[in-house]
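All values below were derived from every heavy atom in this structure, side-chain atoms included, with hydrogens, water molecules and symmetry-related copies excluded.
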Amino acid sequence: MKNIFDPKTSNELIARINALNPNTPALWGKMSVDQMLAHCIVAYDMAFTDKYPKPNAFMRFLLKTFVKNGVVNETPYPKNSRTAPAFIISDRRNFEKEKARLISYIEQTRDLGASHFEGKESLSFGPMSAGEWNNLFYKHLDHHLKQFGV
């Protein structure tokens with residue numbers, strides 16, 4: 001798995017995002033490109049803001065036990081896989097605004113570096129290693145950028 005904290009990798013991701021345009025069609029799935037960008041931002045919002053509530057203890061147990069490994073391992077996500085309700089973007093968004101927000105989060109993640117994320121708590125999964133955060137961020141972005149052919 002590529003390292004999102006490495007400037008080379010983050011720059012590659014940003015270049016792929018910059019290759020998108022408001023009319024880029026999806027190769028699979030139901031999201032428009034603007035919805036996909038907003039969808040990818042949710043993971044960063046959860047890591048950097050208090051916008052989303054922390055799941056209750058029982059839900060966190062279920063997420064850590066049954067979901068976490070699939071999210072943070074190095075196995076790519078299958079096409080058309082299910083997503084958590086917080087990640088569903090049903091309305092249309094401003095493409096340029098979402099693109100700028102996502103790029104800003106990638107740059108912030110890169111600039112903070114792996115040490116910032118070592119042991120950082122995830123809303124859903126509890127404390128995670130920098131490697132787990134890397135896999136969560138990189139794998140998700142890579143999956144959706146491939147969905148839109150970049």
Side-chain angles (χ1 to χ4, degrees), residues 1-55 59-60 63 67-68 70-118 120-150:
M1 176 105 13
K2 291 187 178 186
N3 183 354
I4 199 161
F5 305 114
D6 179 347
K8 181 180 178 194
T9 299
S10 58
N11 289 339
E12 287 172 2
L13 289 167
I14 291 167
R16 290 168 68 188
I17 292 166
N18 281 325
L20 298 168
N21 68 64
N23 299 311
T24 304
L27 302 176
W28 73 83
K30 300 174 184 175
M31 288 189 285
S32 61
V33 67
D34 53 284
Q35 290 171 322
M36 178 273 290
L37 294 170
H39 167 87
C40 288
I41 287 169
V42 173
Y44 291 94
D45 277 343
M46 287 182 169
F48 289 113
T49 74
D50 294 326
K51 183 176 178 179
Y52 295 92
K54 189 175 186 176
M59 183 57 76
R60 283 182 65 147
L63 291 168
V67 178
K68 180 182 177 184
V71 172
V72 302
N73 67 21
E74 294 194 9
T75 304
Y77 295 129
K79 294 178 182 177
N80 296 311
S81 49
R82 293 184 53 126
T83 192
F87 286 79
I88 296 171
I89 307 297
S90 56
D91 58 327
R92 296 299 303 263
R93 302 293 176 92
N94 179 299
F95 172 82
E96 293 300 332
K97 180 180 172 189
E98 301 302 322
K99 181 174 131 180
R101 286 183 65 213
L102 182 56
I103 290 171
S104 177
Y105 270 139
I106 294 168
E107 292 171 338
Q108 183 179 2
T109 301
R110 175 201 63 213
D111 294 346
L112 286 169
S115 62
H116 174 81
F117 289 90
E118 190 61 48
K120 180 173 175 58
E121 181 149 344
S122 158
L123 280 181
S124 300
F125 306 133
M128 297 197 321
S129 70
E132 290 172 325
W133 280 105
N134 173 70
N135 291 355
L136 180 150
F137 288 140
Y138 182 82
K139 183 165 90 166
H140 190 227
L141 284 171
D142 184 58
H143 171 79
H144 287 294
L145 292 173
K146 286 178 179 174
Q147 177 186 12
F148 284 83
V150 295

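Considering all non-hydrogen atoms of both residues, Val150 and Ala19 come closest at CG1-CB, 3.9 Å. Scanning all heavy atoms of the two residues, the minimum distance from His140 to Tyr77 falls at CA-CE1, 3.7 Å. Scanning all heavy atoms of the two residues, the minimum distance from Ala38 to Arg93 falls at CB-NH1, 3.6 Å. Nearest heavy atom pair, residue Thr75 against residue Lys139, reads O-NZ, 2.8 Å. The two residues Phe5 and Gly113 come nearest to each other via the heavy atoms CD2-C, 3.7 Å. Pro53 and Leu123 make their closest contact through O-CD1, 4.1 Å (heavy atoms, listed as atom of the first residue, atom of the second, distance).
Under the 4.5 Å side-chain criterion, counting only non-hydrogen atoms from C-beta, Leu141 is not in contact with Arg16. Between Ser129 and Glu118 the shortest side-chain heavy-atom distance falls below 4.5 Å. When side chains are defined from C-beta on, Phe95 counts as touching Leu20, because their heavy atoms get closer than 4.5 Å. Side-chain contact between His39 and Thr83 is present, with at least one heavy-atom pair separated by less than 4.5 Å. No side-chain heavy atom of Leu37 sits less than 4.5 Å from a side-chain heavy atom of Ile89. Side-chain contact between Val67 and Ser124 is absent, with no heavy atoms from C-beta onward closer than 4.5 Å.
For the side chain to side chain donor-acceptor pair (under 3.5 Å) condition, the pairs that include at least one residue of residues 41-50, sequence neighbours left out, are Asp45-Arg101, Asp45-Tyr105.
Taken from NZ in Lys120 to CH2 in Trp133, the straight-line distance is 6.0 Å, to the nearest 0.5 Å. With rounding to the nearest 0.5 angstrom, the SG atom of Cys40 is 8.5 Å from the NE2 atom of His143. Taking CE of Met31 as the reference point, atom CE of Met36 lies at 7.0 Å (rounded to 0.5 Å). A distance of 4.5 Å separates NZ of Lys2 from OH of Tyr138, quoted to the nearest 0.5 Å. In this structure, the separation between CD1 on Ile103 and CD on Glu98 is 12.0 Å, given to the nearest 0.5 Å. Annotation: the span from Leu102 atom CG to Glu107 atom CD amounts to 10.0 Å, rounded to 0.5 Å.
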Derivation and outcome, side-chain contact (heavy atoms from CB on, under 4.5 Å), residues Leu145 and Ile17: CA-CA 7 Å; Leu145 292 173; Ile17 292 166; 3.8 Å; yes
Residue pair Arg110, Asn11: steps toward the side-chain contact (heavy atoms from CB on, under 4.5 Å) verdict: CA-CA 10 Å; Arg110 175 201 63 213; Asn11 289 339; 3.6 Å; yes
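If you check the side chains of Lys8 and Asn3, you find no donor sitting under 3.5 Å from an acceptor.
Looking at Gln147, its side chain does come within 3.5 Å of a backbone N or O of Trp28 through a donor-acceptor pair.
Paired with Ile4 under the rule side chain to side chain contact (heavy atoms under 4.5 Å, CB included), one option of Thr109, Asp142, Leu136, Asn135 passes, and it is Thr109.
Atom CE of Met59 is surrounded by 12 or fewer heavy atoms from other residues, nucleotides or ligands within 6.0 Å.
Ring pair His116/Phe48 is parallel by interplanar angle, where below 30° counts as parallel and above 60° as perpendicular.
When the side-chain contact (heavy atoms from CB on, under 4.5 Å) test is applied to Lys68, the partners found at least two apart in sequence or on another chain are Val72, Phe125, Met128, Glu132. Applying the side chain to side chain donor-acceptor pair (under 3.5 Å) rule to Arg92 yields the partners Ser32, Asp34; only residues at least two apart in sequence or on another chain are considered.
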